[in-house]
Amino acid sequence: MLISVIVPVYNTRQYLSACLDSILNQTYKNIEVVLVDDGSTDGSLEICMDYAKTDSRIIVVQQEHGGLVEARKSGVKTSKGEYCIFVDSDDWIAEDLLETVLTLTDRGSVDIVNYNMRSVGNGCSDWTYTVPEGIYEHVELEDIYKKMMFDFENECPGIIQSLCTKFMRRELLWSSIESEDPRITMGEDAAVVYKAMLMAKKIAVTHKVFYFYRIHEKSMCRKKENDMVIKVYHFQQYMQGVFSEYSKSYELDRQLKRYIVPFIRKGISDLFSLEIHSLYRIPFCILADCINRRIVLYGAGVVGKSYYRQLTSIQDMRLAAWVDRKLGGQKIYDYEIDFPEALKDIDFDRIIIAVKNQEIAAVIKKNLEKDFGEDRVMCIDAETDWREWELDIY
């Protein structure tokens with residue numbers, strides 16, 4: 001089976017060879033590599049042409065600079081493979097990516113295979129799927145649709161939005177990308193991915209990491225963008241049109257509104273140098289009880305971060321520990337998170353449970369009360385507690 005690997009190229013001379021080598025050295029060999037040079041001015045095109053001379057699987061497409069969306073469309077138009085993947089020209093892929101994901105297509109019956117991505121820069125971190133691994137079809141697809149763009153329980157997309165983490169049937173990819181609004185320069189990937197997910201009849205998900213996203217000074221996540229609000233508007237309008245055809249039970253509009261919140265925050269930050277945090281308010285009676293006490297904060301997710309900012313603003317309160325079962329060993333706000341098992345060796349007065357899901361919080365509370373006593377464990381209903389926005393000027 002022929003697989004098309006599409007690489008939009010624009011002024012990434014420094015990283016391009018490493019990217020191309022990772023593609024050409026795949027353990028699966030029946031590939032074509034479509035390099036779309038989007039008007040590079042730094043010598044990237046020359047590197048593409050040199051590689052094409054040494055490997056007949058490479059096709060070079062040249063065009064005037066039109067942006068990522070147009071470069072991707074050109075790549076898909078040119079491709080002839082049954083399945084396609086995208087690789088950004090400053091990133092790289094694992095050598096067994098194609099061989100492995102091809103086996104996950106269930107003999108070619110799966111339309112999209114989702115795999116994972118690792119950010120590599122100052123340290124490494126893996127992206128997150130909250131949708132369990134497996135193959136989904138028929139009514140099972142609804143489990144994906146209800147949280148693919150935003151999983152409210154976990155406060156993140158259920159399906160990674162990057163197009164570079166998708167092995168997709170070419171016909172489906174073209175149907176999803178052909179009509180994408182060229183004005184979309186924020187959310188280009190999401191606009192294609194979530195439309196394709198809704199059109200697919202069979203989807204596979206694996207949490208294994210096969211793609212490596214290089215963070216550097218020119219990475220999109222590092223750029224300041226003073227026109228972010230306009231970009232968000234174009235993206236939202238386009239996605240509302242896509243979602244209008246599907247069942248309201250999936251809450252796609254609600255997912256969309258929550259999905260764009262980080263981009264709105266970034267736009268405000270870039271334009272006005274203001275930072276907005278979500279705030280889960282700790283009741284005054286609990287804050288008052290924290291004064292002159294040694295407090296353990298249990299939970300380092302979005303609720304835990306909000307509680308941390310409030311607790312550390314109290315002058316006469318000492319944070320004895322911050323614990324989280326998933327995030328133990330990591331640093332948040334320059335504070336090192338412990339695993340819950342460390343509590344047996346920590347001297348403290350109160351534990352505040354900072355977990356949004358109240359079923360999970362109730363289990364944690366019961367276990368902690370068993371070990372440390374009911375009077376030392378405090379649990380706040382973060383799901384129904386008043387939620388506000390907190391504005392920091394920096």
Legend entry - Pairwise side-chain contact, Val34 with Val60, heavy-atom cut-off 4.5 Å (strictly under): no
Legend entry - Hphob cluster co-occupancy, Val76 + Met199, side-chain heavy atoms under 4.5 angstrom: yes
Inset, instruction - Applying side-chain contact (heavy atoms from CB on, under 4.5 Å), run through Cys84 and Met168 and close with a yes or a no. - result: CA-CA 5 Å; Cys84 297; Met168 195 179 304; 5.7 Å; no
Inset, instruction - Nearest 0.5 Å please: distance from the OH atom of Tyr211 over to the CG atom of Leu163. - result: 9.5 Å
Legend entry - Main-chain N/O of Asp37 paired to Gln62 side chain as donor or acceptor, under 3.5 Å: no
Legend entry - Beyond-backbone contact of Tyr136 with Val131, side-chain heavy atoms, under 4.5 angstrom: yes
Inset, instruction - Let me know which of Arg318, Arg293, Arg294 forms a salt bridge (charged side-chain N to carboxylate O under 4.0 Å, His left out) with Asp347. - result: Arg294
Inset, instruction - Would you indicate whether the side-chain heavy atoms of Ile352 and Tyr298 approach each other to under 4.5 Å? - result: no
Inset, instruction - State the OG-CG distance between Ser44 and Asn11, to the nearest 0.5 angstrom. - result: 5.5 Å
Inset, instruction - Look at the side chain of Asp324 and the backbone N and O of Ala300, then say whether any donor-acceptor pair between them is shorter than 3.5 Å. - result: yes
Inset, instruction - Flag the pair Asp349 and Arg376 as a salt bridge only when some basic side-chain nitrogen lies within less than 4.0 angstrom of an acidic carboxylate oxygen. - result: no
Legend entry - Heavy-atom side-chain contact between Val296 and Arg350 under 4.5 Å: no
Legend entry - Geometric class of the Tyr259/Tyr194 ring pair [parallel <30°, tilted 30-60°, perpendicular >60°]: perpendicular
Inset, instruction - Examine the side chains of Thr27 and Glu95 and answer whether a donor and an acceptor come within less than 3.5 Å of each other. - result: no
Legend entry - Shared hydrophobic cluster for Met378 and Ile291 (ILVMFWY, side-chain gaps under 4.5 Å): yes
Inset, instruction - Taking the side chain as every heavy atom from C-beta outward, state whether Ile3 and Phe167 have any pair of such atoms under 4.5 Å apart. - result: yes
Legend entry - Distance in Å, Met239 CE paired with Lys257 NZ, rounded so as to fall on 0.5 Å steps: 14.5 Å
Inset, instruction - Flag the pair Arg118 and Asp126 as a salt bridge only when some basic side-chain nitrogen lies within less than 4.0 angstrom of an acidic carboxylate oxygen. - result: yes
Inset, instruction - Take Asp21 and Tyr51, measure what side-chain hydrogen bond (donor to acceptor under 3.5 Å, both in side chains) needs, and give me the verdict at the end. - result: CA-CA 9 Å; Asp21 289 342; Tyr51 268 83; 2.9 Å; yes
Inset, instruction - Please work out whether the ring planes of Tyr333 and Trp322 are parallel, tilted or perpendicular, with thresholds of 30° and 60°. - result: parallel
Legend entry - Sole candidate of Lys195, Arg72, Lys166 that passes salt bridge (charged side-chain N to carboxylate O under 4.0 Å, His left out) when paired with Asp189: Arg72
Legend entry - Arg183 to Tyr238, cation-pi by 6.0 Å centre distance and 45° axis angle: no
Inset, instruction - Evaluate the side-chain proximity of Asn114 to Thr206: yes if any heavy-atom separation is below 4.5 Å, no if none is. - result: no
Legend entry - Atom CD of Glu64 with >12 non-hydrogen neighbours under 6.0 angstrom: no
Legend entry - Gln358 side chain vs Val355 backbone, donor-acceptor pair below 3.5 Å: yes
Inset, instruction - Tell me, yes or no, whether the heavy-atom count around Lys29 atom NZ, taken from other residues, nucleotides or ligands under 6.0 Å, exceeds 12. - result: yes
Inset, instruction - Verify whether one side chain among Asp38 and His65 offers a donor that lies under 3.5 Å from an acceptor in the other. - result: yes
Inset, instruction - Keeping the roles fixed (side chain from Glu140, backbone from Glu137), state whether a donor-acceptor pair exists under 3.5 Å. - result: yes
Inset, instruction - Check for a donor-acceptor pair, side chain of Glu180 on one end and backbone N or O of Ser176 on the other, with a separation under 3.5 Å. - result: no
Inset, instruction - Verify whether the ring centers belonging to Tyr250 and Phe243 lie closer than 6.0 Å. - result: no
Inset, instruction - Taking all non-hydrogen atoms of both residues into account, name the closest pair between Val69 and Ile184 and its distance. - result: CG2-O, 3.5 Å
Inset, instruction - Return yes if some donor-acceptor pair links the side-chain N/O of Ser4 with the main-chain N/O of Gly81 below 3.5 Å, else return no. - result: yes
Legend entry - Basic-acidic side-chain contact under 4.0 Å: Asp111, Arg169: yes
Inset, instruction - State the NZ-CE distance between Lys231 and Met186, to the nearest 0.5 angstrom. - result: 9.0 Å
Inset, instruction - Please report the C-alpha distance between Arg170 and Ser79 in whole Å, then the side-chain angles of each, then the deciding distance to 0.1 Å, and finally whether the side-chain hydrogen bond (donor to acceptor under 3.5 Å, both in side chains) criterion is met. - result: CA-CA 8 Å; Arg170 183 192 179 280; Ser79 67; 3.1 Å; yes
Inset, instruction - Begin with the C-alpha distance, continue with both residues' side-chain angles, and end with the deciding distance and a verdict on salt bridge (charged side-chain N to carboxylate O under 4.0 Å, His left out) for Arg13 and Asp42. - result: CA-CA 7 Å; Arg13 175 185 174 87; Asp42 70 339; over 6 Å; no
Legend entry - Side-chain (Gln161) to main-chain (Pro157) donor-acceptor, under 3.5 angstrom: no
Inset, instruction - Measure the spacing between CD1 of Ile47 and CD of Gln14 and express it to the nearest 0.5 Å. - result: 10.5 Å
Legend entry - Flag side-chain contact, heavy atom, 4.5 Å: Phe348 against Phe372: yes
Inset, instruction - Kindly indicate whether the side chain of Pro132, heavy atoms from C-beta on, has any atom under 4.5 Å from the side chain of Val205. - result: no
Inset, instruction - Verify side-chain contact (heavy atoms from CB on, under 4.5 Å) between Glu369 and Val377, making sure each step is shown before the conclusion. - result: CA-CA 6 Å; Glu369 288 177 342; Val377 181; 4.0 Å; yes
Inset, instruction - Would you kindly confirm whether Ile230 and Ile260 end up in one hydrophobic cluster when ILVMFWY residues are joined by side chain heavy atoms under 4.5 Å apart? - result: no
Inset, instruction - Grab the two heavy atoms, one from Tyr83 and one from Met1, that are nearest each other, plus how far apart they are. - result: CD1-SD, 3.4 Å
Inset, instruction - Check whether Val120 and Tyr115 end up in the same hydrophobic cluster, where Ile, Leu, Val, Met, Phe, Trp and Tyr are linked by side-chain heavy atoms less than 4.5 Å apart. - result: no
Legend entry - Residues Glu155 and Lys305 bridged, charged N to O under 4.0 Å: no
Inset, instruction - Give a yes or no on whether a salt bridge exists between Glu178 and Lys73, defined as a side-chain N under 4.0 angstrom from a carboxylate O. - result: no
Inset, instruction - Could you tell me if the ring centre of Tyr233 sits under 6.0 Å from that of Phe235? - result: no
Legend entry - hydrophobic_cluster_shared for Phe212 and Ile160, side chain cutoff 4.5 Å: no
Legend entry - side chain to side chain donor-acceptor pair (under 3.5 Å) contacts touching residues 142-154 (sequence neighbours left out): Thr130-Asp151, Asp151-Asn154, Glu153-Asn357
Legend entry - Heavy-atom closest contact (Leu297 atom, Gly304 atom, distance): CD2-O, 3.4 Å
Inset, instruction - Quick one: pull up OG1 in Thr54 and CE in Met49 and give me the separation to the nearest 0.5 Å. - result: 11.5 Å
Inset, instruction - Take Ile59 and Val33, measure what side-chain contact (heavy atoms from CB on, under 4.5 Å) needs, and give me the verdict at the end. - result: CA-CA 6 Å; Ile59 301 166; Val33 184; over 6 Å; no
Legend entry - Closest contact, heavy atoms only, Ala200 versus Leu141: O-CD1, 3.7 Å
Legend entry - Smallest separation among heavy atoms of Leu2 and Asn30, with atom names: N-ND2, 3.4 Å
